[in-house]
2 protein chains.
Amino acid sequence: MSQKEKTTIYDISRALNISAATVSRALNNSNRVSTKTRELVLKTAKAFNYQQNSLAVALKSGRTFNVGVVVPFINRAFFASVIRGIEEELEPKGYHVIICQTHEDASKEARQLQALLNTHIDGVFISVSKSTEDLKHLQAVLQSKIPLIFFDRKKDLKGVSAVSIDDFQGAYDAVTHLVEQGYTKIVHLGSDRKLNIYEDRYRGYIAALKAHGISSRNLFTLQMSSTIESGIEAVNQLYDSQTDFDAIFCASDYIALGCVQELRSRGIQVPQEIGVVGFSNEPFTSHLEHPLSTVGQTPVLMGKIAAQVFLEQINAGKDSDPIEKSVVLKPELFIRSTSLKKGTL
Amino acid sequence: MSQKEKTTIYDISRALNISAATVSRALNNSNRVSTKTRELVLKTAKAFNYQQNSLAVALKSGRTFNVGVVVPFINRAFFASVIRGIEEELEPKGYHVIICQTHEDASKEARQLQALLNTHIDGVFISVSKSTEDLKHLQAVLQSKIPLIFFDRKKDLKGVSAVSIDDFQGAYDAVTHLVEQGYTKIVHLGSDRKLNIYEDRYRGYIAALKAHGISSRNLFTLQMSSTIESGIEAVNQLYDSQTDFDAIFCASDYIALGCVQELRSRGIQVPQEIGVVGFSNEPFTSHLEHPLSTVGQTPVLMGKIAAQVFLEQINAGKDSDPIEKSVVLKPELFIRSTSLKKGTL
DNA sequence: TTGTACGCGTTATCAC
DNA sequence: GTGATAACGCGTACAA
């Protein structure tokens with residue numbers, strides 16, 4: 001009744017007095033089997049509660065139906081949501097998602113990738129760590145003919161597809177929104193521009209100011225880490241240096257939150273005196289008493305698209321030329337209360 | 001130079017004119033190999049950049065060094081953090097974490113578990129879905145002699161270890177804190193008590209009131225889903241029914257946030273008139289303008305402990321009697337501004 | 001249409 | 001100490 005031992009195709013073949021090969025064929029819908037035997041096999045397979053041993057299939061075929069996802073941290077809303085998107089898209093196709101986190105450590109990233117390669121995953125999704133500069137470990141994936149897909153944070157690498165949001169546009173839209181609200185002296189608080197996403201946001205900021213005829217004299221930027229503390233410090237710095245500003249566009253929600261906190265504690269009205277916009281649409285931004293305006297990155301969608309790109313590459317065949325596809329998602333501007341100079345709350 | 005094809009022990013054996021068996025022994029530190037050959041093997045293995053094929057090992061040994069983690073949703077701070085804890089503890093031991101989400105759907109949970117079983121994972125960590133009542137799929141894991149470990153949300157199942165926090169104590173501490181702050185008419189807004197965690201929080205609430213001599217006349221509870229909307233609705237209901245209360249202990253941070261929002265929009269002072277405490281220490285709670293008091297569940301630690309319990313079971317041997325270990329973690333009460341009647345802010 | 005034989009890469013058992 | 005051989009479970013040329 002309760003079969004502890006897994007039944008194999010041999011069990012079925014013995015019970016039916018046919019060869020294991022025939023059983024395999026019947027199970028795999030080969031047309032080289034008579035309908036009669038196929039039905040017989042299928043029936044006894046069900047009766048025996050047969051489950052294909054995916055390990056053996058993997059060893060034989062080279063496909064494991066596992067994919068790896070490498071992110072800096074798994075318990076960050078953005079990354080967790082991307083993973084969710086990937087999982088939801090791939091799970092119905094029989095894939096499993098193996099997760100790895102790098103803690104923003106390039107050497108750990110390299111080790112994780114090596115380990116993944118060794119377990120014969122069918123594909124790798126990665127958002128590179130901040131410290132990643134050497135690209136050897138990524139090239140190793142390519143050499144193994146394994147589809148590699150960047151999401152959000154990417155590097156320049158030939159033959160690698162990438163899914164990201166238009167960070168330039170996101171920044172552009174955010175700054176344009178601030179201008180439309182009547183802010184004219186807009187500061188940008190960004191982060192490490194070695195990462196494409198922060199560079200693009202910076203450029204979007206510059207372009208928007210230019211497009212709206214704001215003199216470059218009123219252009220002011222700082223680079224910092226994405227933390228509340230940095231935001232607080234930045235505001236202090238702005239006042240210490242007597243910078244003349246009436247709005248802050250931040251490349252991170254955490255920086256933005258720090259700004260709002262420090263501005264309020266200085267008795268400054270947000271958004272009446274100073275407007276603030278963040279980036280990422282972290283969950284907390286909408287729960288604040290004065291919800292934070294921010295740029296959303298549609299992370300679940302990003303994961304789903306990345307998964308679709310992966311499936312395309314798989315379907316194109318292992319040995320076909322690598323498809324280099326670049327999908328750029330539209331950011332969503334969430335206009336909430338910290339940037340409404342004109343608006344009625 | 002760049003070997004596209006993976007090198008196998010046969011490549012090494014041929015190069016050295018020895019048998020593959022000897023190579024295997026040398027690689028596995030068997031003492032039945034001469035030191036000379038071992039060194040030779042090790043050297044050429046390195047030269048060939050040999051990587052053990054884990055698939056073959058898995059097929060042979062039955063161990064995959066993969067574990068499955070099944071959660072309702074991956075992009076919830078609590079679950080993502082538990083997974084992070086598991087990953088951090090198991091990754092150094094060579095394990096990979098495969099994630100699955102159930103969307104709180106019992107049938108999906110069953111399918112996920114079946115799929116995991118079929119990929120021959122070495123263990124399963126699960127926080128059951130709200131809708132799970134039938135336990136067949138969990139028993140199937142046990143029958144396969146695969147370690148099964150509950151975390152946070154658990155079911156009564158013999159031979160299954162569980163790691164959870166002391167929800168009773170967490171609730172007890174929270175309510176005690178409210179009492180100490182001078183609140184006396186404390187309402188409890190809970191959630192589905194079919195889930196052990198909500199039942200325990202409910203009991204902790206009751207016990208604390210009793211312990212502090214609060215008449216059961218002043219005991220009032222409601223059951224709802226864990227959403228902001230439910231919290232808002234609950235407050236409305238409390239006023240509509242003219243319930244006399246001065247504090248709310250919520251089994252969820254989202255409910256608590258809804259309460260605070262609705263109370264404030266009614267012009268009621270929190271915490272001066274009504275105190276509020278939530279549960280889970282969701283990230284947003286500390287970012288609020290008036291940070292929410294709440295009970296923390298040490299999720300990363302929970303994951304780490306769960307991983308350790310798993311390792312113990314693995315080390316105890318596959319066929320040893322299942323260890324049924326129950327680890328109960330201490331909750332952390334985060335006293336913030338929504339419950340400080342006495343306190344100066 | 002079906003059966004035979006082999007290989008995927010490794011480890012374990014038995015000889016020598 | 002080392003080598004041949006079988007086995008893990010499956011898919012698939014090749015032969016019949």
Side-chain angles (χ1 to χ4, degrees), chain A residues 3-42 44-45 48-66 94 117-120 122 144-145 318, chain B residues 3-42 44-45 48-66 94 117-120 122 144-145 318:
Chain A
Q3 47 257 56
K4 197 163 304 178
E5 304 302 325
K6 315 261 180 187
T7 68
T8 73
I9 53 173
Y10 282 96
D11 298 324
I12 299 178
S13 77
R14 243 166 304 169
L16 260 43
N17 257 324
I18 58 178
S19 78
T22 307
V23 176
S24 173
R25 277 189 286 260
L27 256 22
N28 289 303
N29 281 325
S30 160
N31 48 2
R32 310 174 76 72
V33 199
S34 73
T35 342
K36 201 190 291 179
T37 42
R38 166 177 301 129
E39 286 177 1
L40 218 51
V41 168
L42 260 37
T44 50
F48 282 17
N49 189 29
Y50 168 76
Q51 302 273 24
Q52 191 189 47
N53 184 329
S54 52
L55 249 39
V57 177
L59 180 61
K60 184 84 179 138
S61 70
R63 292 186 66 177
T64 57
F65 279 89
N66 285 337
L117 239 39
N118 192 239
T119 66
H120 296 232
D122 290 352
S144 307
K145 299 270 190 184
K318 326 222 98 190
Chain B
Q3 45 258 54
K4 196 163 302 176
E5 303 303 324
K6 317 261 179 184
T7 68
T8 72
I9 52 173
Y10 279 96
D11 298 324
I12 300 177
S13 76
R14 243 166 305 171
L16 262 41
N17 258 325
I18 56 177
S19 78
T22 307
V23 176
S24 174
R25 275 191 286 259
L27 258 20
N28 289 305
N29 283 323
S30 160
N31 48 3
R32 311 174 76 71
V33 199
S34 73
T35 342
K36 200 189 292 179
T37 42
R38 166 178 300 127
E39 286 177 1
L40 218 51
V41 168
L42 258 39
T44 50
F48 283 16
N49 189 28
Y50 167 77
Q51 302 274 25
Q52 191 189 48
N53 185 328
S54 51
L55 248 38
V57 177
L59 179 60
K60 185 79 180 140
S61 70
R63 292 186 66 177
T64 57
F65 278 89
N66 285 336
L117 239 39
N118 191 238
T119 68
H120 296 231
D122 290 352
S144 306
K145 300 268 189 186
K318 326 220 98 192

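Chain letters run A, B, ... following the sequence lines, proteins first, then strands; residues in each count from 1.
One finds the CG atom of A/N66 at 9.0 Å from the OG1 atom of B/T64 (value rounded to the nearest 0.5 Å). Here the CG-NZ distance, from B/L117 to A/K6, works out to 5.0 Å after rounding to the nearest 0.5 Å.
In terms of heavy-atom proximity, A/V33 sits nearest to A/T22 at CG1-CG2, 4.2 Å. Considering every non-hydrogen atom in both A/G94 and A/F65, the closest pair reads O-CB, 3.7 Å. The two atoms that bring B/A26 and B/L42 nearest to each other are O-CD1, 4.0 Å, heavy atoms only.
Applying the salt bridge (Lys or Arg N to Asp or Glu O under 4.0 Å) test to every pair with at least one member in residues 30-39 of chain B, sequence neighbours left out, gives no pairs at all.
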Tabulated below should be each protein N or O lying under 3.5 Å from an N or O of nucleotides 9-13 of chain C; please produce it.
residue	atom	partner	partner atom	Å
C/dT10	OP1	B/Y50	OH	2.3
C/dT10	OP1	B/N53	N	3.2
C/dT10	OP2	B/I9	N	2.8
C/dT11	OP1	B/N28	OD1	3.4
C/dT11	OP1	B/N28	ND2	3.3
C/dT11	OP1	B/Q52	NE2	2.7
C/dT11	OP2	B/S24	OG	2.7
C/dT11	OP2	B/N28	ND2	3.3
C/dT11	O2	B/K60	NZ	3.3

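We find that CG of A/N29 is positioned 12 Å from P of D/dG11, with the value rounded to whole Å. Straight-line distance from the CG atom of B/D11 to the C1' atom of C/dC8: 13 Å, rounded to whole Å. If you take CG of B/L40 and P of D/dG1, they are 16 Å apart, rounded to a whole angstrom. We find that CD1 of A/I18 is positioned 15 Å from C1' of C/dT4, with the value rounded to whole Å. Atom P of nucleotide D/dG9 and atom CZ of A/R14 are separated by 11 Å, given to the nearest angstrom.
Contact annotation for A/S30: no contact, since no heavy-atom pair falls under 4.0 Å across all strands.
B/S19 has no side-chain polar atom (N or O) that falls below the 4.0 Å cut-off from OP1 or OP2 of D/dA4. At D/dT2, one or more side-chain N or O atoms of B/S34 fall inside 4.0 Å of OP1 or OP2 (strictly under the cut-off). Phosphate contact (OP1/OP2 of C/dC8, side-chain N/O of A/S61, threshold under 4.0 Å): absent.
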